[in-house]
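Worksheet for the structure shown next.
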Amino acid sequence: MVTRLRAFRRLGYWLIDRLVPMRVSLESERVGLDLSQHDEHYGLAHIDERELAEYEEHIREKNKQ
């Protein structure tokens, strides 16, 4: 019974992850989830101009696809 439940949970996770990815890209993690996922600019003191420019370029390339 427990083994079937584990298998069902893994299958459910796999299916959901295929439909709606549960992980963000490494670039989004590096920049920060507030900025990359919600476009919130709170606390950007730790991000320098180069990192912000790289992230904006990443978003432009992503939107082209």
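The figures that follow rest on heavy atoms only: side chains count, while hydrogens, waters and symmetry mates do not.
- Interatomic distance, CZ of Arg10 versus CG of Leu15, reported as 14.0 Å (0.5 Å rounding).
- Interatomic distance, Arg18 CZ to Ile16 CD1, rounded to the nearest 0.5 Å: 12.5 Å.
- Remark: Glu57 engages Arg60 in a salt bridge, criterion side-chain N to carboxylate O under 4.0 Å.
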Next item on the list: Test side-chain contact (heavy atoms from CB on, under 4.5 Å) on Arg6 and Arg9 and set out the steps.
Entry: CA-CA 5 Å; Arg6 276 192 201 138; Arg9 280 193 321 219; 3.6 Å; yes

